[in-house]
Amino acid sequence: MRRIGVIGAGQMGSGIAHVCAVAGLDVRMVDLAEDVLSRAVALVERNLGRQVARGKLADADMQAALGRITTGTDYAALGDCDLVIEAATENEEVKREIFKQLVPHLSAEALVATNTSSISITRLAAATDRPGRFVGMHFMNPVPVMQLVELIRGIQTEQATFEAVKELAERLGKTVSVAEDFPAFIVNRILLPMINEAVYTLYEGVGSVESIDTAMKLGANHPMGPLELADFIGLDTCLAIMHVLYDGLADSKYRPCPLLVKYVEAGWLGRKTKRGFYDYGGDTPVPTR
Ligand SMILES: CC(=O)CC(=O)SCCNC(=O)CCNC(=O)[C@H](O)C(C)(C)COP(=O)(O)OP(=O)(O)OC[C@H]1O[C@@H](n2cnc3c(N)ncnc32)[C@H](O)[C@@H]1OP(=O)(O)O
Ligand SMILES: NC(=O)C1=CN([C@@H]2O[C@H](COP(=O)(O)OP(=O)(O)OC[C@H]3O[C@@H](n4cnc5c(N)ncnc54)[C@H](OP(=O)(O)O)[C@@H]3O)[C@@H](O)[C@H]2O)C=CC1
């Protein structure tokens with residue numbers, strides 16, 4: 001693999017571009033608007049700079065990595081990619097539309113992966129012209145730091161496709177865990193119900209934002225409290241994953257908490273909108289409840 005396309009220049013797309021570029025791959029990043037792409041490149045630059053400051057990366061390697069990333073709004077730029085990783089908004093219709101527009105530009109050999117957190121790989125694969133060359137490649141946030149990549153085969157995924165993305169994940173320094181194609185796979189099948197339960201705990205007045213997060217940080221040794229983590233993931237993404245679990249497994253235990261729904265309806269999506277369970281307007285996050 002030499003050239004990787006990344007669709008969606010949000011927090012995950014920029015993280016994926018970051019680790020691929022550091023590993024020596026050429027990266028072409030596509031999103032809907034130029035300003036989103038400029039923000040993504042600035043974020044990659046900041047995170048690379050953090051690695052340089054901590055002595056984890058040489059400045060020359062940072063500059064070389066930045067030089068390997070190009071951006072644009074046209075899928076035609078992905079025509080010479082060996083693999084395209086889709087990391088756009090967690091919405092099945094959005095992803096299907098992306099694949100419809102993308103595949104006419106790809107070479108017959110190109111592989112397509114999705115970074116979806118929860119949606120059926122089999123169904124997304126069927127929305128492309130190459131279900132055998134389609135796979136789930138689920139990075140964790142923040143991508144440059146987290147060790148895991150979950151790999152998910154759709155029913156149609158060919159072994160060679162799976163082997164190719166496994167090799168890539170290992171080249172990026174990641175450890176692979178293989179999940180079957182069930183709603184939200186492994187990590188989010190376990191993590192998101194916990195986060196949703198934390199929101200219920202808040203909703204029912206069992207504890208404040210601060211007490212819930214402190215309880216789980218100091219009582220269960222989690223690096224972030226569940227509400228802080230929800231804000232970090234994005235409350236829209238958390239809610240989308242809960243809907244996939246609830247619809248896909250038809251069990252009331254996955255019912256999204258009404259407070260989570262309300263926050264998303266208000267446009268309070270967490271860190272990315274500067275407000276969620278915390279307010280990020282100042283120097284330090286302030287709990288909102
Ligand atoms: C929703 C899904 O589909 C799946 C998911 O991703 S679920 C989310 C999974 N992620 C988590 O659970 C993250 C939980 N949080 C953590 O592990 C930690 O809080 C954290 C690693 C994010 C930050 O750790 P910390 O100790 O508070 O911060 P800090 O000491 O400043 O940073 C630790 C490292 O992370 C890096 N880092 C921190 N935030 C970063 C970011 N947003 N982007 C890139 N790098 C970052 C730092 O540079 C530092 O790197 P080195 O160790 O190489 O020096
Ligand atoms: N957040 C997390 O912790 C994790 C998320 N994921 C998954 O990664 C994917 C992206 O999540 P994340 O980066 O957090 O989300 P973000 O909201 O940060 O970024 C999504 C990006 O996709 C863009 N986008 C939307 N529609 C299109 C389109 N048609 N073509 C190109 N780009 C488009 C959005 O643009 P605009 O803003 O203009 O709509 C935005 O820039 C999701 O599938 C999510 O489930 C996986 C692991 C962890």
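Order of appearance sets the numbers: ligands from 1, and atoms from 1 within every ligand. Source: prediction; values computed, not measured.
No more than 12 heavy atoms of other residues, nucleotides or ligands shown are found within 6.0 angstrom of CD on Glu167. For Leu148, the CG atom counts as densely surrounded, since its 6.0 Å shell holds more than 12 non-hydrogen atoms of other residues, nucleotides or ligands.
Under a 4.0 angstrom heavy-atom cut-off, Met140 registers as lying outside contact with ligand 2. Assignment of Ala87 to the shell around ligand 2 is supported, since a heavy atom sits closer than 4.0 Å. Ligand 2 has no atom lying under 4.0 Å from any heavy atom of Gln101. Remark: distances from the non-hydrogen atoms of His138 to ligand 1 include one below 4.0 Å.
In this structure, the salt bridge (Lys or Arg N to Asp or Glu O under 4.0 Å) partners of Lys100, at least two apart in sequence or on a different chain, are Glu97.
Within a 4.0 Å radius of atom 37 (N) of ligand 1, the protein has at least one heavy atom. Less than 4.0 angstrom separates atom 28 (O) of ligand 1 from none of the non-hydrogen atoms of the protein. Distance remark: protein heavy atom not present below 4.0 angstrom from atom 36 (P) of ligand 2. Within a 4.0 Å radius of atom 9 (C) of ligand 1, the protein has at least one heavy atom. Counting only heavy atoms, the protein gets under 4.0 Å from atom 5 (C) of ligand 1. The nearest protein heavy atom to atom 13 (O) of ligand 2 is closer than 4.0 Å.
Between Lys272 and Asp236 a salt bridge is recorded (basic side-chain N to carboxylate O distance below 4.0 Å). The existence of a salt bridge linking Lys95 and Glu90 is confirmed by a sub-4.0 Å separation between a basic side-chain nitrogen and an acidic carboxylate oxygen. Between Arg96 and Glu92 there is a salt bridge, with a side-chain nitrogen of the basic residue lying less than 4.0 Å from a carboxylate oxygen of the acidic one. A salt bridge between Asp80 and Arg3 is present, with a side-chain N of the basic residue lying under 4.0 Å from a carboxylate O of the acidic one.
The option from Arg54, His18, Met12, Arg50 that lies nearest to atom 31 (O) of ligand 1, judged by heavy atoms, is Arg54.
At a heavy-atom cutoff of 4.0 Å, ligand 1 is contacted by the side chain of Leu191 but not by its backbone. Using a 4.0 Å cut-off between heavy atoms, His138 contacts ligand 2 through its side chain alone, with no backbone atom that close. When heavy-atom distances to ligand 2 are checked against a 4.0 Å cut-off, Ile7 comes that close only through its side chain, counted from C-beta outward.
Closest protein heavy atom to atom 25 (C) of ligand 2: Thr89 OG1, 3.2 Å. In this structure, the protein non-hydrogen atom closest to atom 46 (C) of ligand 1 is Val145 CG2, 3.5 Å.
Panel note: side chain Glu228, backbone Gly225; a donor-acceptor pair is recorded below 3.5 Å.
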For a side chain to side chain contact (heavy atoms under 4.5 Å, CB included) check, start with the C-alpha distance between Val143 and Met12, then their side-chain angles and the critical distance, and finish with the verdict. CA-CA 7 Å; Val143 181; Met12 294 307 291; 3.5 Å; yes

